[in-house]
Protein chains: 2
Amino acid sequence: MEKKPELCRVEDALGILVGKWKPIILLHLLINGTMRFSELKRHMPGITQKMLTKQLRELEEEDIVQRVVYPQVPPKVEYSITEYGRSLEPILEAMHEWGSKHTAHKEEKEKRMAQKEAN
Amino acid sequence: MEKKPELCRVEDALGILVGKWKPIILLHLLINGTMRFSELKRHMPGITQKMLTKQLRELEEEDIVQRVVYPQVPPKVEYSITEYGRSLEPILEAMHEWGSKHTAHKEEKEKRMAQKEAN
DNA sequence: CGGCATCCTTGATGATACTG
DNA sequence: CAGTATCATCAAGGATGCCG
């Protein structure tokens, strides 16, 4: 661990992952490989086109995802993770694992609280 | 990697780390061990008392940090990472490392862009 | 199909002042 | 010292409609 918090680069990674839908977008692309815009949208109930577009553009800007437009009618746009983007996978995995444990941790805690209530 | 993005727990970890100051607070506590409120504040130029209090309370709520109040005048409150909170360390470290590489990656990219401009 | 433009709501953060 | 309270600001996210 870096001994000078001022030089912390955690924010940089955080900045990439933050966004209500970014992690899930990345997971979909990691699992399915290349996906079309509409396909991606179909897998994410609740997301609006605007948000999906925006988050994808931001990820593209950071070279995490690649956007390929096929000049045809109707339009076809495919998204995929870049080689560089794959370097995020270990972090996503670590966070997922930690998150799973944390969910269990919270449930135990709530159980203890409820027990306390009963007394 | 979990094959069902719907079951993704990345957000849970993300939720803990997100907050303009949380990562840096955690880094300070990880490095220095126990710290007083004012000491923490002194190490983070720019943070307001309100924000520091709020973020610390949120971290406390999740059992990531421990808050110990000494009933005396003037008040003395010490913060430290919990055993549980330490389980976040690998993630912070991974993000820091990735962030450092990403910074380099972006600089290279900008250099290429500037080169292009020149032509 | 895959967007973009607009308008709007809300939560996160900040500035400032006051207090046990 | 370590907060709380109040007010102000601002960007993220959402709803909706139009377009090549």
Side-chain angles (χ1 to χ4, degrees), chain A residues 5 8 10-26 28-29 32-62 64-81, chain B residues 5 8 10-26 28-29 32-62 64-81:
Chain A
C8 167
V10 172
E11 313 279 358
D12 299 74
L14 221 46
I16 306 292
L17 269 359
V18 170
K20 193 167 173 183
W21 306 92
K22 281 178 188 170
I24 199 154
I25 289 174
L26 292 176
H28 278 296
L29 291 178
N32 299 326
T34 299
M35 292 178 82
R36 292 186 61 167
F37 183 87
S38 54
E39 195 180 350
L40 219 31
K41 185 167 187 304
R42 216 170 334 109
H43 281 79
M44 287 182 271
I47 194 171
T48 60
Q49 284 184 328
K50 175 189 165 185
M51 282 314 296
L52 183 51
T53 300
K54 192 185 165 206
Q55 312 263 305
L56 282 168
R57 291 300 162 79
E58 288 174 8
L59 291 171
E60 187 193 2
E61 177 67 24
E62 302 288 354
I64 306 300
V65 309
Q66 189 183 16
R67 178 171 178 263
V68 178
V69 182
Y70 295 85
Q72 60 185 45
V73 179
K76 176 177 169 183
V77 181
E78 286 185 342
Y79 293 92
S80 57
I81 301 270
Chain B
C8 166
V10 172
E11 312 279 359
D12 298 75
L14 220 46
I16 305 291
L17 268 1
V18 170
K20 194 167 172 184
W21 307 93
K22 280 179 189 169
I24 198 153
I25 289 174
L26 292 176
H28 277 296
L29 291 178
N32 297 327
T34 299
M35 292 178 81
R36 294 185 61 166
F37 183 87
S38 54
E39 194 180 352
L40 219 30
K41 185 167 186 304
R42 215 168 338 107
H43 280 80
M44 287 182 271
I47 195 170
T48 60
Q49 283 182 329
K50 175 188 164 186
M51 282 311 298
L52 182 52
T53 300
K54 192 187 165 207
Q55 312 262 308
L56 282 169
R57 292 297 160 80
E58 288 173 8
L59 291 170
E60 186 191 3
E61 178 66 24
E62 302 288 354
I64 307 300
V65 309
Q66 190 185 15
R67 177 170 179 263
V68 178
V69 182
Y70 295 85
Q72 61 183 47
V73 180
K76 176 177 170 182
V77 180
E78 287 185 340
Y79 293 91
S80 56
I81 302 271

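Every heavy atom of this structure was used, including side-chain atoms; hydrogens, water molecules and symmetry mates were not. Letters A, B, ... are given to chains in the order of the sequence lines, protein chains preceding strands, and every chain is numbered from 1. This is a predicted model, so every value here is computed, not measured.
- The phosphate of D:dA2 (OP1 or OP2) has a side-chain N or O of B:Ser38 nearer than 4.0 angstrom.
- One atom, NZ of B:Lys22, and another, C1' of C:dA12, lie 11 Å apart when rounded to the nearest Å.
- Between A:Gly19 and A:Pro74, the one whose closest nucleotide on DNA chain D sits nearer the 5' end is A:Gly19.
- For the OP1/OP2 pair of C:dA17 and a distance below 4.0 Å, the side-chain nitrogens and oxygens of B:Gln49 include no atom meeting the criterion.
- Under the 4.5 Å side-chain criterion, counting only non-hydrogen atoms from C-beta, B:Lys22 is not in contact with B:Ile16.
- With values rounded to the nearest 0.5 angstrom, B:Arg36 atom CZ is found 14.0 Å from B:Lys41 atom NZ.
- Along DNA chain C, the nucleotide nearest to B:Trp21 and the one nearest to B:Pro75 differ in position, and the one closer to the 5' end is contacted by B:Trp21.
- Axis angle, first five pairs versus last five pairs of the helix from C:dC1-D:dG20 to C:dG20-D:dC1: 50°, rounded to 10°.
- Atoms CE (B:Met35) and P (D:dC1) sit 14 Å apart, rounded to a whole Å.
- The listed nucleotides are D:dA2, D:dG13, C:dT13; the one nearest the side chain of B:Lys54 is C:dT13.
- Atom NE2 of A:His28 sits about 9.5 Å away from atom CH2 of A:Trp21, to the nearest 0.5 Å.
- In this structure, A:Gln55 reaches the sugar-phosphate backbone alone: every heavy-atom distance under 4.0 Å involves primed, P, OP1 or OP2 atoms, never a base.
- Whole-Å rounding puts the A:Tyr79 OH to C:dG2 C1' distance at 8 Å.
- Counting heavy atoms from C-beta on, the side chains of A:Glu60 and A:Tyr79 never come closer than 4.5 Å.
- What separates CD of B:Gln72 from C1' of C:dG20 is a distance of 14 Å, to the nearest Å.
- Nearest nucleotide to the A:Lys50 side chain, out of D:dA2, D:dG14, C:dC1: D:dG14.
- Atom-to-atom, CG of A:Leu52 to C1' of C:dG2 comes out at 10 Å; the value is rounded to the nearest Å.
- As rounded to whole Å, 15 Å separates atom C1' of C:dA12 from atom CD of A:Glu11.
- A residue-by-residue look at A:Met51 and B:Val69 shows that B:Val69 has its nearest nucleotide of DNA chain D further toward the 5' end.
- Considering only side-chain atoms of A:Thr48, the nucleotide from C:dG3, C:dT13, D:dG14 that sits closest is D:dG14.
- Side-chain contact between B:Asn32 and B:Leu40: absent, with no pair of heavy atoms (C-beta onward) separated by less than 4.5 Å.
- When heavy atoms are screened at a 4.0 angstrom cut-off, A:Tyr70 is found touching no nucleic acid atom at all.
- Crowding of A:Glu61 atom CD: a count of heavy atoms from other residues, nucleotides or ligands under 6.0 Å not exceeding 12.
- Close to D:dA2, at under 4.0 Å from its OP1 or OP2, lies a side-chain N or O of B:Arg36.
- Atom pair B:Phe37:CZ and C:dG20:C1' shows a separation of 15 Å (rounding to whole Å applied).
- In this structure, B:Arg57 reaches the D:dG3 phosphate: one of its side-chain N or O atoms is under 4.0 Å from OP1 or OP2.
- Here C:dG11 presents its P atom at 14 Å from CD of B:Glu58, a figure rounded to the nearest Å.
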